[in-house]
Amino acid sequence: MEFSFDEKTKRLFSQEKMGKLIFIMSFPVIIAIMISAVYNVVDTIFIGRRVGELGIAGISIGFSIQLMINSLGILVGLGGSSVISRALGANDTQKAGQTIGMAYFIGIVLYGVVVLSSMPFLDSVIAGLGANTETIAYAKDYLQIIIPGSVFILLAVAGGNLLMAQGKPELAMVQLVAGALFNLALDPLFILVWDMGVSGAAIATVISQGLSLVIVLFFQFSSITTIKPKVTDFILVKFKLIWEIVALGTPAFLQEIGASITIIVVNNLLNSFGGNEVTSLLAIFGILNKLLLFLITPLIGIAQGFMPIVGYNYGLKDYKRIKESFKTAMVSAFVITAVIAAAVILFPETVLSFFTGDTSLISAGILPLRIMYCALPLATFSVVSAMYFLGIGKVIPSIIISLSRQVLVLIPVSIVLTNLAGLTGLWISFPIADVLSVVIALIWIKFEFSKTPR
């Protein structure tokens with residue numbers, strides 16, 4: 001059985017004006033990610049109001065594990081998306097269908113082998129995440145629900161990216177928005193009405209992600225999508241295809257896992273200060289991490305919407321259109337991110353007050369917020385560059401650029417500056433990492449474009 005890729009989508013990827021195409025592909029993703037970020041933030045708001053800073057610190061510590069689970073979904077989803085988009089550009093629709101089947105297969109294997117295996121060692125894992133004696137119980141209450149239910153999170157994330165590669169960003173948006181709205185409805189029920197605290201936040205997340213997965217599977221097998229994988233595509237293991245998906249998904253995976261590692265390192269650095277203010281510092285950093293989900297929403301949406309465009313036109317060998325898509329995505333992401341970051345930096349008290357009513361916590365969070373996000377717009381270049389290399393199937397540069405900001409630069413700089421300048425040094429390490437990562441990305445992208453035919 002052969003699959004078909006509709007002519008309308010082909011014309012969209014290969015002929016539509018680039019500014020309009022970037023908007024068409026990115027806008028649904030931006031809306032979906034924004035709403036998804038809303039329900040992550042709402043968890044924190046409800047917990048902050050009902051449980052207090054200990055609850056915020058607890059779920060913030062557990063959030064690093066949730067990011068790791070998300071990273072596995074991104075590994076499968078973006079790796080599969082890169083394969084699918086280039087296969088469709090080369091008119092190999094059969095490989096596109098097989099890739100969908102193998103992507104879900106890999107996701108289930110990763111859940112069983114990687115995620116569930118951590119449950120017997122949960123106490124040790126939580127201690128390693130930076131929890132102290134005050135916050136460890138809250139983090140455990142959260143994670144002992146999130147980890148077993150993470151199969152829904154992992155596969156829903158992967159499935160949304162696979163829909164994007166098929167030129168259906170609006171379906172990915174519906175999937176994410178539905179899950180997010182369901183979570184928004186469940187959070188007050190579990191946290192406030194039934195007074196289940198951080199456990200209630202975890203239950204609401206798992207149930208909503210289960211609904212999101214049901215929706216994405218419905219879309220994939222309905223008449224709405226034109227690429228229909230066969231049953232055998234999910235069970236006949238194709239090791240070469242699995243390797244291709246995993247290899248191409250590794251850069252995005254490492255970028256996400258780098259965020260988790262960064263959170264763990266910073267949590268442990270904050271714990272090293274000791275004293276009564278440690279819990280407050282953990283809560284502030286947790287709030288700033290959740291806030292970051294909002295600040296980079298347009299950037300991530302544009303980058304993810306841009307990647308299938310690059311892959312498709314790379315399959316067509318339309319190099320002029322590839323370069324045009326990169327420039328359009330880069331400028332759009334920078335301008336939007338700069339405007340949002342400026343607004344947050346100018347009105348930090350207003351922003352922080354959404355998360356907590358504790359005036360001392362708000363006051364203590366103003367300086368870290370302003371320092372951490374002052375160079376954030378520069379990160380757009382490294383994020384878009386990493387996604388460009390992923391789209392054209394070049395793994396190594398995508399990996400290095402993805403890791404540069406959060407792991408290769410931020411972690412060592414934060415450790416050194418914390419030892420030299422204390423807490424201020426820790427906050428300063430974030431803008432330094434943004435600047436240095438741009439230099440790395442700029443060198444690599446200029447070298448790549450110098451080799452690309454005009």
Margin query: In the structure I gave you, are the side-chain heavy atoms of Leu270 and Leu423 within less than 4.5 Å of one another anywhere?
Written below: yes
Item checked: Derivation of the side-chain contact (heavy atoms from CB on, under 4.5 Å) call for Phe389 and Ile396 -> CA-CA 9 Å; Phe389 283 109; Ile396 299 301; over 6 Å; no
Next item on the list: Count the heavy atoms belonging to other residues, nucleotides or ligands that lie under 6.0 Å from CZ of Phe354, then report whether that count exceeds 12.
Entry: no
Note to self: Run Leu162 and Tyr104 through side-chain contact (heavy atoms from CB on, under 4.5 Å) and show every step you take.
What the structure shows: CA-CA 10 Å; Leu162 297 175; Tyr104 279 102; 3.8 Å; yes
Check: Stepwise, does the ring pair (Phe, Tyr, Trp, His ring centres under 6.0 Å) test hold for Tyr388 with Phe449?
Finding: CA-CA 11 Å; Tyr388 169 83; Phe449 279 0; 5.5 Å; yes
Notebook entry, point to check: If every non-hydrogen atom of Met372 is compared with every non-hydrogen atom of Asp434, which pair is closest and at what distance?
Noted result: O-OD2, 4.2 Å
Notebook entry, point to check: What is the minimum heavy-atom distance between Tyr373 and Asn289, and which atoms define it?
Noted result: OH-N, 4.3 Å
Notebook entry, point to check: What distance separates Leu110 CG from Leu155 CG, expressed to the nearest 0.5 Å?
Noted result: 9.5 Å
Checklist line | Any Met102 side-chain heavy atom under 4.5 Å of Glu244 side chain | finding: no
Next item on the list: Kindly indicate whether the side chain of Ile264, heavy atoms from C-beta on, has any atom under 4.5 Å from the side chain of Met68.
Entry: yes
Item checked: Any pair counted as side-chain hydrogen bond (donor to acceptor under 3.5 Å, both in side chains), so long as it reaches residues 325-338, sequence neighbours left out -> none
Checklist line | Shortest non-hydrogen contact between Phe430 and Val266, atoms and distance | finding: CZ-CG2, 4.1 Å
Checklist line | With Ser26 via side-chain contact (heavy atoms from CB on, under 4.5 Å) - residues at least two apart | finding: Ile22, Ile30, Ile302
Item checked: Donor-acceptor contact below 3.5 Å, side chain Thr205 vs main chain Ala201 -> yes
Checklist line | Partners meeting salt bridge (Lys or Arg N to Asp or Glu O under 4.0 Å) with Lys394 (sequence neighbours left out) | finding: Glu448
Note to self: Distance check, rounded to the nearest 0.5 Å: Ile284 atom CD1 versus Leu352 atom CG?
What the structure shows: 8.5 Å
Next item on the list: Decide side-chain contact (heavy atoms from CB on, under 4.5 Å) for Val174 and Phe219; before the verdict, give the C-alpha distance in whole Å, the side-chain angles of both, and the deciding distance to 0.1 Å.
Entry: CA-CA 10 Å; Val174 170; Phe219 284 153; 3.8 Å; yes
Notebook entry, point to check: If you look only at pairs with a residue in residues 415-427, which of them pass as a side-chain hydrogen bond (donor to acceptor under 3.5 Å, both in side chains), with sequence neighbours excluded?
Noted result: none
Notebook entry, point to check: What are the two closest heavy atoms between Tyr111 and Ser150, and how far apart are they?
Noted result: CE1-OG, 3.4 Å
Note to self: For Ser117, give me all partners under side-chain contact (heavy atoms from CB on, under 4.5 Å), at least two apart in sequence or on another chain.
What the structure shows: none
Margin query: Testing Ile400, Ile399, Ile401 one by one against Leu403 for a side chain to side chain contact (heavy atoms under 4.5 Å, CB included), which residue passes?
Written below: Ile399
Notebook entry, point to check: What distance do Asn267 atom CG and Leu281 atom CG have between them, rounded to the nearest 0.5 Å?
Noted result: 10.5 Å
Next item on the list: Just grab all the salt bridge (charged side-chain N to carboxylate O under 4.0 Å, His left out) pairs involving residues 98-114, residues at least two apart or on different chains.
Entry: none
